[in-house]
There are 2 protein chains.
Amino acid sequence: MQVSVNHSDGPRAASEPARRATMRDVAALAGVSIKTVSRVINGAPSVSDGLRDRVTGAIARLDFRPNLAASSLRRADGATRQIALLLEDVANPFSAALSRAVEDAARERGTLVFAGSLDEDPLRETELVRAATLHRVDGILLVPAGPDHGYLEREVRSGTPVVFADRPPRGLAADAVLATNEEGAREAVLHLADHGHTEIAFLGGERRISTSAERLAGYRAALAERGLAERPGRVADDLPDAGSAARAVAAMLDSGDPPTALFTAQNLVTIGAIRTLQERGLHGRVAVAGFDDFPMADLLLPRVTVVAQDVAGIGALAVRRLFARIAGDASPPREERVPTSLVVRGSGEIPPPPR
Amino acid sequence: MQVSVNHSDGPRAASEPARRATMRDVAALAGVSIKTVSRVINGAPSVSDGLRDRVTGAIARLDFRPNLAASSLRRADGATRQIALLLEDVANPFSAALSRAVEDAARERGTLVFAGSLDEDPLRETELVRAATLHRVDGILLVPAGPDHGYLEREVRSGTPVVFADRPPRGLAADAVLATNEEGAREAVLHLADHGHTEIAFLGGERRISTSAERLAGYRAALAERGLAERPGRVADDLPDAGSAARAVAAMLDSGDPPTALFTAQNLVTIGAIRTLQERGLHGRVAVAGFDDFPMADLLLPRVTVVAQDVAGIGALAVRRLFARIAGDASPPREERVPTSLVVRGSGEIPPPPR
DNA sequence: CTGTTAGCGCTTTCAG
DNA sequence: CTGAAAGCGCTAACAG
């Protein structure tokens, strides 16, 4: 209503880069101390209605935006309301879904998320962790690329909690949220076996990634459970991309003794395998069950049976742990497992050819 | 080598949350002034080798990490080395690819990226823009959800440049990097026509999104160019998701006069259309050309002919503009168009049935 | 309920 | 080439 202050900052041309208003400007315009402005901004109860209104009005008139960085610099808890999410590649479906789950949870807490792609490169991991610490993020959510995470100990000790998703930490005690890789793989292979297959191949992703090993273990467990022998030519692990997977499948099919069913233990491997089957017109004859769902899996013909990971669930749980740590939870690190689920669509139910 | 300072901060239990070292700690340990440390950190040339080595040693010993927020608070240019990327949904393929391109360019400039999903919600747009400004990002890259962007004027004036990607600004003069939507759509429809189709339907996404209108214009231009009449029942625009697209296609097929070819002007629309065709066993009989490529488009049978957008190109160009603005480029806003390309895969070359 | 003073960690003056 | 003092925008710790 009553404004008693004149334009305090002289002539301001429309084009000249306007300086952002600070708390001091607001205080001056409202005729209160800067501290009172701070109280209003932070919703402190102990401000009279009259002053609060004056301050609110000044804030609106000046279009004042509190500087979060300055605030956290001085604030006791030092929180910056930013977290880092470091993962494989923001462009791949798994990471993208994880990212979205994390973003949603962070938004509820007024926190912004830095996303960074590691491309399975340990060096990128340490670089991005460093960048995150320079920005003083409140916490780090990591799908690790590197083989050892001891270097994170000092970050954790100096107050930046780290939570692992999808893959466990090594050389560091930290929270981890993982999928039930072994059980999921076992379920898929049992499913193939129960549809009559005895010649089931394993095609897996990079060996150094922990999930690969767990899924291979699940494959072996299922074979054992059904009394099937594991044959050397039936296992191709350490496939880095779809192309190598396609070639590995081709080689198996060309052998004198081709498998009648494929368990593909990773996204890209599944895709590579399907491509080879399509090329040979075998996509309706060789059964396929894949680990991890992928876009369009239910539009391919036959539709692709997969063990789906609850990616959003993993993300949500991991970010929840992270915020608990940020809030001060000092309980021992824990590992949580999020269950997978078999999605039956057709490709996994193709029977073996009559002998 | 020679260390002459004793442990200056008393007994420190391994578990107690270690305070991060500051420049003052480094200065004390190195026996120099805090300003010299600052010079070393910022690579100022005017520091003698001896001092530089002492400082470097102290930094390493204390595991010192400069606080970027504190630095930018005082720094003349106020740069925070963070930008915001606000887009549709980090989990969808278009946004994810854009995100990756932006991340890569930002990384080269030592800048971190906040990604935020708007879900086509104008309110989210303003909320996230606000959050970004509270964090004092150096710039904002926006795939807008809202109908008007005049509110961004004050951000731009107070020094936060905004660059638009995929969709142009309204009510604001700002840089924009867009695809050649009309030309791309035209090319796809001409392609269908040149394969003998005269009954070509248009299925488009939400009408209020500018790309939809441009693509519809391209469809019309192509029809006109080939002397084909536009018939009312052939156009279904404003389809918000794959389900509505599927239903729209079904309705057209059920009409007495079904189209022989479909131009699907958006990702999800293409997918919905294909689903309906599959359900009716028509996926080998009705031609389809879609706007915007999507994962697995080349694994579906028939493989899907699309007009592919150069998403990475759009992202790279947009982020480049943004960094130019951040660096102080004050030239008039410009609109740039990134060309699309027709990817011929099979579904678009299906001929019309003999009459 | 309100204000004053000090200082977060750093860079900018401006002196030597 | 080096350093002392001031201050970025804000909150903590005390006053009153």
Side-chain angles (χ1 to χ4, degrees), chain A residues 9 18-56 58-59 62-81 133-138 158-159, chain B residues 9 18-56 58-59 62-81 133-138 158-159:
Chain A
D9 41 11
R19 187 180 62 80
R20 276 184 204 282
T22 75
M23 270 194 182
R24 193 154 51 205
D25 301 325
V26 175
L29 180 57
V32 299
S33 85
I34 183 177
K35 179 67 216 186
T36 298
V37 179
S38 172
R39 289 196 174 99
V40 172
I41 296 282
N42 293 292
S46 57
V47 178
S48 71
D49 287 354
L51 282 195
R52 183 184 310 279
D53 288 351
R54 290 217 323 260
V55 170
T56 310
I59 287 174
L62 296 173
D63 189 33
F64 168 69
R65 316 289 175 87
N67 182 327
L68 229 53
S71 138
S72 66
L73 185 59
R74 191 61 179 91
R75 202 179 274 287
D77 63 3
T80 58
R81 316 226 120 212
T133 63
L134 296 185
H135 284 268
R136 297 294 191 269
V137 296
D138 295 335
S158 45
Chain B
D9 43 8
R19 187 179 63 80
R20 276 185 204 280
T22 75
M23 269 195 181
R24 192 155 53 206
D25 302 324
V26 175
L29 180 57
V32 300
S33 86
I34 183 178
K35 177 66 218 186
T36 299
V37 178
S38 172
R39 290 196 174 97
V40 172
I41 296 281
N42 292 293
S46 59
V47 178
S48 70
D49 286 356
L51 281 196
R52 181 183 313 278
D53 288 352
R54 288 215 326 259
V55 170
T56 310
I59 287 173
L62 294 174
D63 190 31
F64 167 70
R65 316 288 174 87
N67 182 328
L68 229 52
S71 137
S72 64
L73 186 59
R74 191 65 181 87
R75 200 179 277 284
D77 63 3
T80 58
R81 317 229 117 206
T133 63
L134 296 185
H135 284 269
R136 296 294 191 271
V137 295
D138 294 336
S158 46

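Chain letters run A, B, ... following the sequence lines, proteins first, then strands; residues in each count from 1. Bear in mind that the values here come from a model prediction, so they are computed numbers and not experimental data.
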Peer 1: To check you understand the geometry: which heavy-atom pair defines the closest contact between B/R20 and A/S158, and what is its length?
Peer 2: NH1-OG, 3.5 Å

Peer 1: Taking only residues two or more places apart in sequence, or in another chain, which ones meet B/D77 in a salt bridge (Lys or Arg N to Asp or Glu O under 4.0 Å)?
Peer 2: none

Peer 1: Using a 4.0 Å heavy-atom cut-off, write out nucleotides 6-11 of chain D from 5' to 3' as B (base contacted by protein), S (sugar-phosphate only) or - (no contact).
Peer 2: BBBBBB

Peer 1: With sequence neighbours left out, what residues match A/T80 under side chain to side chain contact (heavy atoms under 4.5 Å, CB included)?
Peer 2: A/S72, A/Q82, A/R136, A/D138

Peer 1: List for me each residue that meets salt bridge (Lys or Arg N to Asp or Glu O under 4.0 Å) alongside A/R65, sequence neighbours excluded, and say none if there are none.
Peer 2: A/D63, B/E155

Peer 1: Is the backbone N or O of B/N67 less than 3.5 Å from a side-chain atom of B/S71, with the two atoms forming a donor-acceptor pair by type?
Peer 2: no

Peer 1: Return the set of residues passing side chain to side chain contact (heavy atoms under 4.5 Å, CB included) with B/S33 (not counting sequence neighbours), or none when no residue passes.
Peer 2: B/K35, B/T36

Peer 1: List for me each residue that meets side chain to side chain contact (heavy atoms under 4.5 Å, CB included) alongside A/T22, sequence neighbours excluded, and say none if there are none.
Peer 2: A/R19, A/R24, A/D25

Peer 1: For DNA chain C, produce a single dot-bracket line, 5' to 3'. Pairs: Watson-Crick or G-U wobble, both distances under 3.5 Å. Symbols: ( ) within strand, [ ] crossing, | other strand, . unpaired.
Peer 2: ||||||||||||||||

Peer 1: Only counting residues at least two apart or in another chain, list the ones meeting side chain to side chain contact (heavy atoms under 4.5 Å, CB included) with A/I41.
Peer 2: A/M23, A/V37, A/I59, A/F64, A/P66

Peer 1: Below 4.5 Å, heavy atoms only, C-beta onward: do A/R39 and A/V32 meet side chain to side chain?
Peer 2: no

Peer 1: Quick one: how far along DNA chain C does chain A reach, first to last nucleotide 5' to 3', anything under 4.0 Å to a heavy atom?
Peer 2: C/dC1 to C/dG9

Peer 1: Rounded at 0.5 Å granularity, tell me how far CZ in A/R75 sits from CZ in A/R81.
Peer 2: 7.5 Å

